[in-house]
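Every number for a ligand or one of its atoms is a count from 1 in the order of the listing.
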Amino acid sequence: MRINGKRLISDLEDFSLITATPGEGVTRFSYSREDIAARQRLKEMATENNMICRTDFFGNMIISPKKSKGTILFGSHIDTVKNGGWLDGIYGVISALEILRTFEENKKQHDCTLIVFAEEEGSNFGSTMTGSKFLTGKYGPEKLDQLISDNGYTMREVLQKTSFSREKQKEELIDINFVKAMFEIHVEQGPVLDDEGFEIGIVDAVAGMKVIQITYEGIGNHAGASPMKGRKDSFIAAAEAALAIDEMICSDPEQNIVGTIGKLFVSPNCSNVIPEKTVFTLEVRSEKNIKTEATMEAAKKIIRETAVKRKIKCTISDMASSNAIPMAEDIKSTMKKIARKKCLKYKSMSSGAVHDAAMMANHIATGMIFVPSINGRSHVPEEDTRKEHLICGTQYLMDVIQEYI
Ligand code: HGY
Ligand code: MN
Ligand code: MN
């Protein structure tokens, strides 16, 4: 059975236009106008192909052929980072839809269903994989009041503005104990497959990560009339801590850890005022949970010591954390068997990016497939994958799935 590659690419191109930043990449935060528009389009595609849609309280969405018992899941996300790429997440969703449509067209009986996880990027509340964390019970209802957006709304308040909270079908979307396996296909978001000329990545394990938010509070003052001596400049303190943390991670002997300070707010953010308050995030990731833990603790020590040295008040809040997790051995060996049978150039590799598959893998047999990212770019407008690789990946996923239905 062959997927319709042309239709796959044209659907992906259509969704890339549903963005808050046309011409500057795809910006489609969960629960935004763009998210609702993309969901509406997915619903239309589902209905056109004799499938039903249900959404849970958090915005996780199931798209299921009417006769499917839903024991085999496809999963991924449609939300993006700010000015992100046209493929991150959506490629997995549209690939799954293309496979489900091809099954329908070929009257193929199966029990596959697609789940679109909400808030995978954490663009609203700073916590990645939020929809799948609620779905798998890693997050309880109290989290709805603890996750706060940059403009001060809790996740509960944000959800109350969407239709999900009033969704009739608020019953549990899926009974995880009933699911046999989940598959996610995704762009690699790194340089390995593209650099080494592979078509397919078979994901061995997904890295773990920890994210913290640091608030440094110094003393604001006039930039011109305040002598340098005695300043309590919160931004300079943050800069010193950031450089020390970067130095610590870059000099790690095993080089199996990455760290990023990606978000920074300076207040009052005026050129002629010494920054009173600086808020910044730090995330560290590794395939070794012990390394992630130890590195975050060492970074917190640097953050606190720098604050004491510069007489700055320091608050550290834990934002998110997930363990590194291997994908299912039997799924990986089936994937390798099919890749060899189809004479595909494939490589087993780990994922530095996190994915909802990592949350689901704690509960069910889960497998992940990568396709190459050109120049290894992702989370930027330049994110791209050759069309033949996109089509090859989806066809390969269809070939793998047929071993499970
Ligand atoms: O951050 C990540 O790894 C994913 O893209 N949310
Ligand atoms: Mn993603
Ligand atoms: Mn992403």
Can we call the ring centroids of Y216 and F280 under 6.0 Å apart?
yes
Does some non-hydrogen atom of M209 fall short of 4.0 Å from ligand 1?
no
For D318 and K300, what are the C-alpha separation, side-chain angles and deciding distance, and is it a salt bridge (Lys or Arg N to Asp or Glu O under 4.0 Å)?
CA-CA 11 Å; D318 292 317; K300 286 179 176 179; 3.1 Å; yes
Tell me, which N, O or S atom in D88 is closest to the Mn ion (ligand 2)?
OD1
How about F370 and H389: are their ring centres within less than 6.0 Å of each other?
no
Is there at least one pair of N or O atoms, one from T128 and one from ligand 1, spaced under 3.5 Å apart?
no
Under-4.0 Å salt bridge between R101 and E48:
no
Would D88 and Q189 count as having a side-chain donor-acceptor pair, cut-off 3.5 Å?
yes
Answer yes or no: is there an ion pair linking K301 with E305, defined by an N-O contact shorter than 4.0 Å?
yes
E276 and K232 ion-paired at < 4.0 Å:
no
Answer yes or no: does an N/O atom from A353 fall short of 3.5 Å to an N/O atom of ligand 1?
no
Please state whether the separation between the Mn ion (ligand 3) and some N/O/S atom of E120 is under 2.8 Å?
no
Test item, E283 contacting ligand 1 (heavy atom, 4.0 angstrom):
no
Which protein non-hydrogen atom lies closest to atom 1 (O) of ligand 1, naming both residue and atom, and how far is it?
R285 NH2, 2.8 Å
By atom name, which N, O or S atom belonging to H379 lies closest to the Mn ion (ligand 3)?
NE2
Tell me which protein heavy atom sits closest to atom 4 (C) of ligand 1, plus the residue, atom name and distance to 0.1 Å.
V354 O, 3.5 Å
Sidechain N-carboxylate O distance under 4.0 Å for D79, R28:
no
The Mn ion (ligand 3) is nearest to which N, O or S atom of E121?
OE2
Sidechain N-carboxylate O distance under 4.0 Å for E217, K313
yes
Measuring from the Mn ion (ligand 2), name the closest N, O or S atom belonging to H77.
NE2
Heavy atoms only, cut-off 4.0 Å: how does E119 contact ligand 1, side chain, backbone, both, or neither?
neither
If you consider just the N/O/S atoms, which atom of H186 is the closest one to the Mn ion (ligand 2)?
NE2
Could you tell me, atom by atom, which parts of ligand 1 come under 4.0 Å of a heavy atom of H379?
1 (O), 5 (O)
